[in-house]
*Asks:* 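Dropping a structure here in structure tokens format, bear with me for questions.
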Amino acid sequence: MSNFWQSTPVSQLKGVGAATAPKLQRLGLRNLQDLLFHLPSRYQDRTHITPIGATEPFNEALIQGTIEISSVVFRKRRSLICRLSDGTGAIQLRFFHFSAAQQKQLSKGALIRCFGEVRLTSAGKEIAHPEYQILKSADAPVEKSLTAIYPTTEGVSQHLLRKLTDQALRLLGGAHPIKELIPQEVIDNYQWPTLAQALQLTHRPPPEANVTQLLQGSHPAQRRLALEELLAHHVSLLGIRQRIKSDKAPALNTAESRAESFLKQLPFYPTNAQQRVVSEILKDLKQPHPMLRLVQGDVGSGKTLVAALAALRAIDCGFQVALMAPTEILAEQHYQHFSEWFDTLAISTSWLSGKVKGKARSTTLNDIASGEATMIIGTHALFQEDVVYQRLGLVIIDEQHRFGVHQRLSLKDKGAKQGITPHQLIMTATPIPRTLAMSAYADLDTSVIDELPPGRKPVTTVVIDNQRRDQVVARVQNACQENKQVYWVCTLIEESEALQCQAAEDAAKLLSEQLPGISVGLIHGRMKPQEKTAVMTEFQQGSLQLLVATTVIEVGVNVPNASVMVIENPERLGLAQLHQLRGRVGRGANASFCVLLYQNPLSQQGKARLEIMRATNDGFEIAEKDLELRGPGEVLGTRQTGDIGFRIADLMRDEDLLETLKPLAERILTNHAELVEPLISRWLGENNAYAQV
Ligand code: ADP
Ligand code: MG
């Protein structure tokens with residue numbers, strides 16, 4: 001009977017035709033259970049009218065007023081602009097698509113009610129494309145309860161989702177009970193509602209439900225569902241871990257280690273933290289089962305060296321190592337370091353990226369297949385199907401947060417030929433807050449490099465409005481006159497590398513004009529590798545004083561005399577990335593500064609984020625705060641892939657549930673294995689990575 005929900009396809013519902021079903025499928029909605037658990041991502045509050053004067057930028061509001069002016073303007077695009085006023089203030093409404101009939105409706109004197117997000121423009125407050133309704137009387141009733149907003153995709157309207165969930169919810173009260181998967185005593189203990197009640201309330205909050213709790217996601221109904229969702233994720237990750245851990249891996253142990261001679265050629269000795277982490281890794285590598293280890297270490301903590309020592313162990317035992325980085329630049333940096341380090345030990349280092357084509361590619365592929373290539377470095381290309389390894393013993397992934405769980409799991413296959421699974425070492429510079437580590441990374445063991453190499457200095461950070469750019473330029477001039485070197489970083493504009501490079505070119509030109517007598521260099525991602533190297537060398541040697549750069553300098557650049565960094569439009573970047581960038585200064589004898597030159601207006605959240613950068617240099621603290629503000633999907637960069645895109649759980653908000661979660665997950669795995677599959681299929685769907693391992 002409990003099967004009813006899973007075995008009834010959505011196409012049985014009214015309103016789902018041949019055209020709609022595939023669209024719903026794209027949202028993961030195949031059966032009634034999928035629909036019931038397609039929970040609102042948020043709520044809109046249309047339960048009261050906000051006076052226009054009290055509306056706030058970046059917030060949604062329901063407003064009501066009289067149209068004072070209505071006119072069609074032609075600027076970049078033809079648009080209809082209305083000015084709406086209610087006595088407390090006025091706001092502009094902007095429509096890009098409108099019919100003649102709408103234009104007539106929205107004419108001077110019309111009384112309307114509308115809903116939308118308030119923005120701030122040069123003309124003041126504005127709502128673009130509000131939902132609106134022409135009123136006959138000013139006291140038309142407002143909504144009695146919160147409006148559920150569902151995650152959706154093109155061609156599936158909120159209206160349709162509401163209609164379908166309504167039908168599913170009606171069935172919920174009928175002959176088909178839905179199976180509770182959380183033990184009754186846990187529910188009793190928290191005094192939570194039943195599953196059916198929780199679903200009903202979350203989809204359709206009744207007027208008497210606590211609005212504040214619902215908006216925060218802390219309503220008992222939401223928490224009950226959140227725990228179940230967290231449980232599903234946790235159990236599935238532990239399941240993956242169990243399965244991988246039971247695979248065979250080469251036990252990497254040898255008396256013939258070249259680690260000592262490798263370390264001797266370095267100009268420094270590993271820190272205590274590096275040594276400790278390396279010994280944790282070597283202990284794992286000795287086991288006949290795959291290592292699954294995450295190394296966390298702040299920017300500049302020296303993860304590369306740790307990776308090199310792990311790689312050396314595998315190579316000393318006669319195995320190949322693949323090191324994958326998320327970007328071409330980062331991979332290239334590793335390639336440079338490893339070739340330099342390993343050349344003296346007569347270990348061959350190979351390079352493979354998507355850009356390696358033709359003959360070079362087939363040569364490299366042959367070397368990898370024959371075992372000629374031992375240390376192999378590159379991008380995602382390393383794990384494409386046509387790459388066949390001879391004896392892959394260890395996979396190292398740098399900057400894990402940019403890869404999803406899926407990609408991590410696909411590595412497993414690369415050793416499959418010999419019936420072995422390679423060891424996995426994952427390194428991340430985005431310190432992963434404890435709460436997140438516990439759930440998103442429950443399948444990994446963790447090591448932390450909690451110490452920076454000696455000689456690093458904290459960087460003083462200031463946050464300055466772009467209107468005061470002249471003062472910043474003057475400050476740069478002073479610094480250069482004192483023989484200091486300066487980075488000027490231009491950030492990404494709308495994900496376009498081309499535009500970012502253009503912005504850097506423009507900035508370099510402007511700064512050269514504004515700073516006569518100061519040598520200004522330029523580096524960006526569209527330059528040839530030799531050009532980039534030439535510019536970096538000039539900066540390194542001090543013949544360039546000011547280096548205008550795109551975020552290409554985010555990683556690996558080491559110029560100790562550079563002690564000032566200006567970042568334009570820092571609000572466009574994630575905090576982890578800002579932290580990475582800032583890590584380029586503070587490496588020499590001079591006191592270092594970082595200027596965050598932001599563009600007004602900045603949202604509340606934008607301000608709060610820059611304030612965090614000002615307040616601390618501690619990568620862990622930054623990550624914790626970033627997570628609080630933006631949520632784990634954004635911080636880990638996996639929102640698009642949906643890897644840990646929770647439907648209702650929120651790791652920060654629901655942190656206290658983690659205590660219940662861990663023992664509960666273990667109990668289910670040991671005593672109630674029959675609940676595992678229903679949990680996973682309910683919350684993670686049938687086509688998830690977890691199910692496929
Ligand atoms: P990250 O952890 O950010 O990847 P890197 O591995 O790139 O850091 O190391 C940052 C810098 O610190 C590099 O220039 C590296 O050579 C240097 N470094 C690494 N370990 C040590 C050490 N033990 N002592 C001094 N410098 C070190
Ligand atoms: Mg690194």
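All values below were derived from every heavy atom in this structure, side-chain atoms included, with hydrogens, water molecules and symmetry-related copies excluded. Note that ligands are numbered from 1 as they come in the structure, with each ligand's atoms numbered from 1 the same way.
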*Asks:* Who pairs with Lys283 by side chain to side chain contact (heavy atoms under 4.5 Å, CB included), at least two apart in sequence or on another chain?
*Replies:*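 Expected list: none.
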
*Asks:* Examine ligand 1 and decide if any of its atoms is less than 4.0 Å from a heavy atom belonging to Gly297.
*Replies:*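 Heavy atoms of Gly297 never come under 4.0 Å of ligand 1.
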
*Asks:* Contact between ligand 1 and Leu266 is defined here as a heavy atom of the residue under 4.0 Å from a ligand atom; is it met?
*Replies:* no

*Asks:* Gly302 versus ligand 1: do any nitrogen or oxygen atoms come within less than 3.5 Å of each other?
*Replies:* yes

*Asks:* Taking it one step at a time, do Leu596 and Thr461 satisfy side-chain contact (heavy atoms from CB on, under 4.5 Å)?
*Replies:* CA-CA 7 Å; Leu596 302 177; Thr461 300; 3.8 Å; yes

*Asks:* Which ligand 1 atoms, with their elements, are less than 4.0 angstrom from a heavy-atom of Arg456?
*Replies:*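 Matching atoms, with element in brackets: 11 (C), 12 (O).
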
*Asks:* For ligand 1, which part of Gln296 has a heavy atom less than 4.0 Å away: the side chain, the backbone, both, or neither?
*Replies:*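 Near ligand 1, Gln296 shows nothing, with every heavy atom at 4.0 Å or more.
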
*Asks:* How would you list, by chain and number, every residue that makes a ring-ring contact (aromatic ring centres under 6.0 Å, His included) with Phe593, sequence neighbours excluded?
*Replies:* none

*Asks:* Taking distance alone, with N or O pairs closer than 3.5 Å, would you say Arg587 contacts ligand 1?
*Replies:* no

*Asks:* Is Gln275 in contact with ligand 1, taking contact as a heavy-atom separation below 4.0 Å?
*Replies:* no

*Asks:* Taking the inter-plane angle between the rings of Phe262 and Trp341 on a 0 to 90° scale, is it parallel (under 30°), tilted (30 to 60°) or perpendicular (over 60°)?
*Replies:*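 Ring orientation of Phe262 relative to Trp341: perpendicular.
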
*Asks:* Side chain or backbone of Ile449 under 4.0 Å from ligand 1, or both, or neither, by non-hydrogen atoms?
*Replies:*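 For Ile449, there is no contact with ligand 1 at all, from either part.
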
*Asks:* Looking only at non-hydrogen atoms, which of Gln274, Lys303, Gln580, Glu451 approaches atom 2 (O) of ligand 1 most closely?
*Replies:*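 The option holding the nearest heavy atom is Lys303.
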
*Asks:* Indicate yes or no: does an N/O atom of Pro453 lie under 3.5 Å from an N/O atom of ligand 1?
*Replies:*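 So ligand 1 has no N or O lying under 3.5 Å from an N or O of Pro453.
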
*Asks:* From the options Asn272, Leu452, Thr304, Asp398, select the one whose nearest heavy atom is closest to atom 6 (O) of ligand 1.
*Replies:*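 The nearest heavy atom belongs to Thr304.
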
